[in-house]
Trainee: 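Mind looking over this structure? Questions follow.
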Amino acid sequence: MSNSEVRVRFAPSPTGYLHVGGARTALYNYLFAKRNGGKFILRIEDTDEARSTEEFIRMQMDDLKWLGLDWDEGPEWKTLKDSGAYGPYRQSQRLDIYKKYADQLMDSGRAYYCFLTDPEIEIQRQAAMKSGRPPQVNSPYRNWPKEKALEKMAKGDKAVVRFKVKDEEKRDYHLPDLVRSDVRFPSDMVGDFVLLRASGMPVYNFCCAVDDALMKISHVFRAEDHLSNTLRQMMIYDELGFKQPQFGHISLILGSDRQKLSKRHGAASCHEYKVNGYLPEALNNFIALLGWSSPNAQEILTMKEMAEQFHYDRLNSAAAVFDPQKLMWVNSQHLRALPNEELWKLVEPFLNEAGLTLPSDTDWRMKALEVYKTGMNTLKDAVEAFRPLSESPIELSPEAQETLTWPSTRIVVEAWRKGVEQTGSDYLSEEQFNKLQDQIKDEQNVKGKHLFMPIRVAVIGKPHGTELKMLVPLLHKRTLVARAENVLSQIKG
RNA sequence: GUCCCCUUCGUCUAGAGGCCUAGGACAACUCCCUUUCACGGAGUAGACACGAGUUCGAAUCUCGUAGGGGACGCCA
């Protein structure tokens with residue numbers, strides 16, 4: 001194993017946005033490849049004609065790109081053109097390959113045409129369950145000669161191709177698993193399964209086995225729900241004489257109710273996290289920790305650090321519950337670690353989308369970010385943080401109403417408005433602000449919260465928030481005056 | 001129903017027979033910093049599913065029970 005090349009793959013079926021569970025699988029494979037100087041391959045499993053679309057392929061790719069999980073081989077981003085020596089990388093374009101192997105199995109007597117209909121299969125299922133047997137298909141066609149089947153098909157009858165599971169010799173299949181304790185499957189655990197649909201389109205277990213072998217995949221890290229599929233794939237490997245990759249079945253990600261994570265638990269797709277202002281490195285960091293731990297107990301890791309530290313021996317075999325609160329914390333940590341210039345670039349689209357008009361000079365932006373950075377958990381939080389800094393009028397928050405009832409408020413705000421108006425420059429400096437505040441304190445004989453809360457209400461419409469000496473220098477004089485006047489007009493009596 | 005997997009604080013986890021009166025992180029709570037809010041800092045509370053066995057010694061090994069999850073498709 002050490003002298004053969006590490007080749008891992010991520011093989012999504014394009015039926016929507018990239019799911020966080022899928023993202024984690026992709027991430028582990030990616031990290032494993034990076035750690036071992038191997039290749040990370042993207043293969044598109046689009047054999048479900050009803051649900052797979054090119055649009056979905058693009059969406060999946062966009063999400064992978066956003067996460068920074070670049071693939072070495074696979075369809076190219078945007079063009080979808082194959083890149084790599086083992087293509088095509090879309091299963092829908094490998095149909096002739098699967099056909100060839102299906103024929104081979106047919107000729108060796110390990111596959112057969114089956115004409116069972118859905119209702120017939122359902123009756124078998126019910127009967128099997130009732131008598132305590134696993135619901136397996138028992139096809140009357142499994143020993144038909146090929147010619148007889150072909151004749152029937154010539155008359156227009158549709159048939160699937162089934163793999164003939166050997167029932168004469170019952171044996172245990174042994175699966176050495178990189179993540180959990182080794183698994184033993186009894187060979188009668190599965191019934192004859194479908195290889196090719198009536199339409200000729202191959203089915204997952206078949207193409208997966210064929211492709212992993214042909215694409216020289218060395219390790220397969222995939223979710224646990226594929227564990228029982230592995231037996232079918234092992235049978236195919238055996239029969240076709242393929243070398244089996246090493247498997248590692250990762251635990252599932254669950255929602256708060258301990259069911260498989262899905263849309264009903266809230267955001268389950270990477271795209272939603274992107275739109276909601278999460279950083280890709282934070283999402284990677286968080287999902288990596290759902291089932292893997294850093295050897296030195298690090299909680300906040302960059303992609304580079306994860307790639308340096310990743311090993312499957314630290315993969316956890318137990319399922320993990322997705323905790324949005326912790327994700328938010330992880331996000332806030334990554335966000336704070338970002339240089340302001342970079343952070344601004346990321347925040348700007350959210351501010352624009354919210355329609356905020358803010359000063360364009362870099363100095364102002366950096367200062368403003370410095371002020372609000374520690375209060376932000378997501379990029380989107382910038383919108384509410386920056387809203388009071390835009391020139392548009394502000395609304396008074398309900399909690400500001402109490403401040404308005406204080407007798408001193410009118411006096412303070414009036415003095416504030418006058419003071420600001422008399423300032424020579426467009427913006428007050430921190431020193432100018434301090435001076436003005438002291439002046440009001442002395443002249444009006446007001447101090448403590450009766451002094452700064454009214455001023456803050458006059459500035460941002462809320463009694464709580466950032467330190468005034470940081471905040472005030474970010475606002476244009478005329479905005480400050482306009483807001484002070486607005487507040488004065490709302491004080492009764 | 002059948003088979004397979006899993007089981008340490010509410011959540012993510014550390015832990016590979018003595019280092020464990022079980023460590024860390026998120027969340028919760030308390031205090032400090034702060035003329036507010038956050039940030040930050042210091043603390044408190046909180047777990048080895050249960051029962052047998054192996055052993056001088058078990059969170060760690062074995063078996064059983066219970067619970068959870070997954071699979072059983074012409075979905076992947």
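Below, chains carry the letters A, B, ... as their sequence lines are ordered, and counting in each starts from 1.
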Trainee: In residues 431-447 of chain A, what residues come within less than 4.0 Å of RNA chain B, judged by heavy atoms?
Mentor: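 The answer is none.
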
Trainee: What string of B, S and - do you get for nucleotides 10-15 of chain B, 5' to 3', if B is base contact, S is sugar-phosphate-only contact and - is no contact with any protein heavy atom under 4.0 Å?
Mentor: -SBSSS

Trainee: What does G57(B) pair with, Watson-Crick or G-U, if both distances are under 3.5 Å?
Mentor: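 For G57(B), the partner nucleotide comes out as none, under the 3.5 Å rule.
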
Trainee: Which nucleotide, if any, forms a Watson-Crick or G-U wobble pair with C26(B), using both distances under 3.5 Å?
Mentor: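 C26(B) is paired with G10(B).
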
Trainee: Please give the nucleotide sitting opposite C19(B) as a Watson-Crick or G-U wobble pair, both distances under 3.5 Å, or none.
Mentor: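 With both distances under 3.5 Å required, C19(B) matches none.
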
Trainee: Decide whether Q233(A) and N205(A) meet the rule of one side-chain donor and one side-chain acceptor closer than 3.5 Å.
Mentor: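 Side chains of Q233(A) and N205(A): pair found under 3.5 Å.
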
Trainee: With a 3.5 angstrom cut-off on both distances, give the Watson-Crick or G-U wobble partner of A52(B), or none if there isn't one.
Mentor: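 Partner of A52(B): U62(B).
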
Trainee: Does anything in residues 280-290 of chain A form a side-chain hydrogen bond (donor to acceptor under 3.5 Å, both in side chains)? List the pairs, not counting sequence neighbours.
Mentor: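 Passing the test, one end in residues 280-290 of chain A: N285(A)-H334(A).
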
Trainee: May I ask you to verify if any side-chain N or O of K260(A) is less than 4.0 angstrom from the OP1 or OP2 atom of A71(B)?
Mentor: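 It does, given that an N or O in the side chain of K260(A) lies less than 4.0 Å from OP1 or OP2 of A71(B).
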
Trainee: Between G70(B), A76(B), G1(B), spot the one nearest the side chain of M129(A), thanks.
Mentor: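 The answer is G1(B).
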
Trainee: Examine C72(B): is either OP1 or OP2 under 4.0 Å from a nitrogen or oxygen in the side chain of R232(A)? Give yes or no.
Mentor: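 So the side-chain polar atoms of R232(A) never come under 4.0 Å of the phosphate oxygens OP1 or OP2 of C72(B).
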
Trainee: Judged by modelled atom types alone, do Q333(A) and E299(A) share a side-chain donor-acceptor pair under 3.5 Å?
Mentor: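 Side chains of Q333(A) and E299(A): no pair found under 3.5 Å.
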
Trainee: Kindly indicate whether the side chain of H271(A), heavy atoms from C-beta on, has any atom under 4.5 Å from the side chain of M59(A).
Mentor: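 Not touching, per the 4.5 Å side-chain cut-off.
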
Trainee: Taking only the side-chain heavy atoms of H464(A) (C-beta and beyond), determine which of C3(B), C37(B), C6(B) contains the nearest atom.
Mentor: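 Output: C37(B).
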
